[in-house]
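Presented below is the structure to which this report refers.
Each chain gets a letter, A, B and so on, in the order its sequence line appears, and its residues count up from 1. Keep in mind the model is a prediction, meaning the values are calculated, not measured. When reading the values below, keep in mind they use all heavy atoms of this one structure, side chains included, and skip hydrogens, waters and symmetry mates.
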Number of protein chains: 2
Amino acid sequence: MRTEQARSVSRRQKIMESALDVFARRGYRDAAMDEIADAAETSKGGVYFHFPSKQAIFLALLERMANLLQGRAEAAMAAEPDLVAKFDAALLVVIRTFAAHRPLARLFLVEALGAGREFNQRMLEIHADFAGLIERHLDEVVALGVIPPLDTHIAGKAWFGALNEVVTAWVLADDPGDLEQQYPALRTFLLRSVGITISEGSREVGG
Amino acid sequence: MRTEQARSVSRRQKIMESALDVFARRGYRDAAMDEIADAAETSKGGVYFHFPSKQAIFLALLERMANLLQGRAEAAMAAEPDLVAKFDAALLVVIRTFAAHRPLARLFLVEALGAGREFNQRMLEIHADFAGLIERHLDEVVALGVIPPLDTHIAGKAWFGALNEVVTAWVLADDPGDLEQQYPALRTFLLRSVGITISEGSREVGG
DNA sequence: GTAGGGAAACCGACGAGCCAGTCGGTTTAT
DNA sequence: ATAAACCGACTGGCTCGTCGGTTTCCCTAC
C-alpha cells in the first residue's frame, strides 16, 4: 500500500520530468504524447493513467514552477532583515533559478504564452501574482519612508516585465552567456527606478 | 498591366488583413488556411498564389507591425526638440498604437512567441531592435550630461520589458480598460529609473 | 510460505479528426 | 491567345485520447 503509492508518485514525477524535457525541446504543440511516454520509459496508456490530458501535464508543470519560484523568493526575503537586502536576495534567487534551468525557463516564459488560449488566463494570473508580490513589498518600503511614494502597482508590473525581458532574451539567445552577470546592472536599474541609488559594488554576487 | 498589378497588390493586402483577423481570433496554430481564405473571400489556392506558406503570411504581418511601430516612434521623436519630450512622444505613440489595435497587439506580443521555433529568432531580433533604439537614445542623453551614467544596454532591455509587460497584461485581460491611462505612471517610473524625477502632471495626455 | 484474488498500473493498436500544401483545371484581363 | 489569377478536391501526414487486454503488486487465507 505504502510502496504502491510511493511508486505511483515517483512514476508521476518521472513523467513530469520527461514531459518538461520534451516540451522544452519541441514546444507545447509539437510535443507528442508518444514522445513523452517514450522519454518516461512508459507507454501512452501509462501516461494517461497518471494525467487526464496533455494540457493537465503542462499545467502541472506550470504550477510547480510558479510555486518553486515564489517559494524560493519569499524564503530568501524572509531570511534577510534589511529591506534592500530582501530585494537583492529575491532577485538573485530568481535569476539563479532560471540560470540553472534554461529549458524550464523557456517553457515558463516563452512556450506557455503561445501554447494556446487555455493557458493565457493562468499565465496572466501567475504574472499578476509575481507583480503583486513585488507591489506589496514596495508598499511596505514606501510606508516605512525608505523611498518616496510612487505608483507601486505599475512599478510591480514594470519590475516584473524588466526581469522577464532580460531572462527571456537570455533564454532565446543562440549563445547565451551567464545570466547571473546581468544581475548587478539590473539591480541598480530597478533600485534607481524606485528612488534608491547605490553604487554597484555594495553587495557581492559571490556564489 | 498597371491595373493588374494594383489588383494583385490589393488582393495581397486583403489576404493580410484577413489573416491578421483570423490569427488574432484563433492564434497562429489554430488558424486554418481555409478560414483565412474564406475571410479574404478567396480560396486556399488563391492565398497560396500570393504567399508561399502560412509562415510567410505571419512573418509578413510581423514585419509590417514592427516597421509601423518603429517608424511611428522615430517620427514622433524626430518631431520633438526636447529630449524628455522625445521620450514622451515615442512612449505615447507606441501605447496609442497598441491601444487602437488590440488584436494586432495580441498577435505581436503573445501569439508570436508560441507560434513555433521559426519565429523565436525573429522575435528576438525585433525585441533587440526596440531595446537598441531605446539604448541609443539613452546613450545620447547620457552623453549630453542630462542624466547620470548608467548601463544603457540593460536599461534599454528593462524599459522595453516594462512596456511589454504592461501592454501584454492589457492584451490578455478579460476586461481591459483604457491602456492609455497607464501612460502617466509608466512614464514617471521609466524616467525615474534613469534618474529623471518629474511631477506626473508636467505633460498632459490630451488627445 | 505460498496460492490466489483483486485492484492498481501499464500497454499499444486503433479511431477519428484536423490541416498544410499540391495540382490540374478554370476564369479573367489584356 | 496568352498569361496571370484563382479555384477546391485531394493527398499525405500527424497526433490526441480511448479501450480492451495484460502485467505487476499486495494482501489475505490457509
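- Side-chain nitrogen and oxygen atoms of A:His50 include at least one within less than 4.0 Å of the OP1 or OP2 phosphate oxygen of C:dC10.
- In this structure, the CZ atom of A:Arg12 is 13 Å from the P atom of C:dC10, given to the nearest Å.
- Taking atom NZ of A:Lys44 as the reference point, atom C1' of D:dT18 lies 10 Å away to the nearest angstrom.
- Interatomic distance, CD of B:Glu125 versus CE of B:Met123, reported as 11.0 Å (0.5 Å rounding).
- Using a 4.0 Å cut-off, some side-chain N or O of B:Arg11 falls inside it from OP1 or OP2 of D:dC6.
- Under 3.5 Å, the side chain of B:Lys54 and the base of C:dG21 form no donor-acceptor pair of N or O atoms.
- A donor-acceptor contact shorter than 3.5 Å is absent between the side chain of A:Arg25 and the backbone of A:Ala31.
- The 5' end of DNA chain D is approached more closely, in terms of each residue's nearest nucleotide, by B:Glu41 than by the other of B:Glu41 and A:Tyr48.
- Rounding to whole angstrom units, CG of residue A:Asp38 and P of C:dC11 are separated by 10 Å.
- There is a side-chain donor-acceptor pair under 3.5 Å between B:Asn120 and A:Arg106.
- The CD atom of A:Glu118 sits 13 Å away from the P atom of D:dC16 (whole-angstrom rounding).
- B:Phe58 places its CZ atom 19 Å from the C1' atom of C:dG21, with the value rounded to the nearest Å.
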(request) Quick one: do A:Trp159 and A:Phe189 satisfy side-chain contact (heavy atoms from CB on, under 4.5 Å)? Show the steps, please. (result) CA-CA 10 Å; A:Trp159 272 26; A:Phe189 175 89; over 6 Å; no
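- Taking atom CE of B:Met33 as the reference point, atom P of D:dC7 lies 14 Å away to the nearest angstrom.
- Distance B:Arg29 CZ to D:dT15 P: 10 Å, rounded to the nearest Å.
- Phosphate contact (OP1/OP2 of D:dC7, side-chain N/O of B:Thr42, threshold under 4.0 Å): present.
- When distances are taken from the side chain of B:Phe49 to each of D:dA4, C:dA20, C:dA9, the shortest belongs to D:dA4.
- Here C:dG17 presents its P atom at 17 Å from CG of B:Asp30, a figure rounded to the nearest Å.
- Looking at heavy-atom distances under 4.0 Å, B:Ala31 makes contact with sugar-phosphate atoms alone, never a base.
- A distance of 6.0 Å or more separates the ring centres of B:His137 and B:Phe87.
- A:Ala56 comes within 4.0 angstrom of nothing in the nucleic acid, heavy atoms only.
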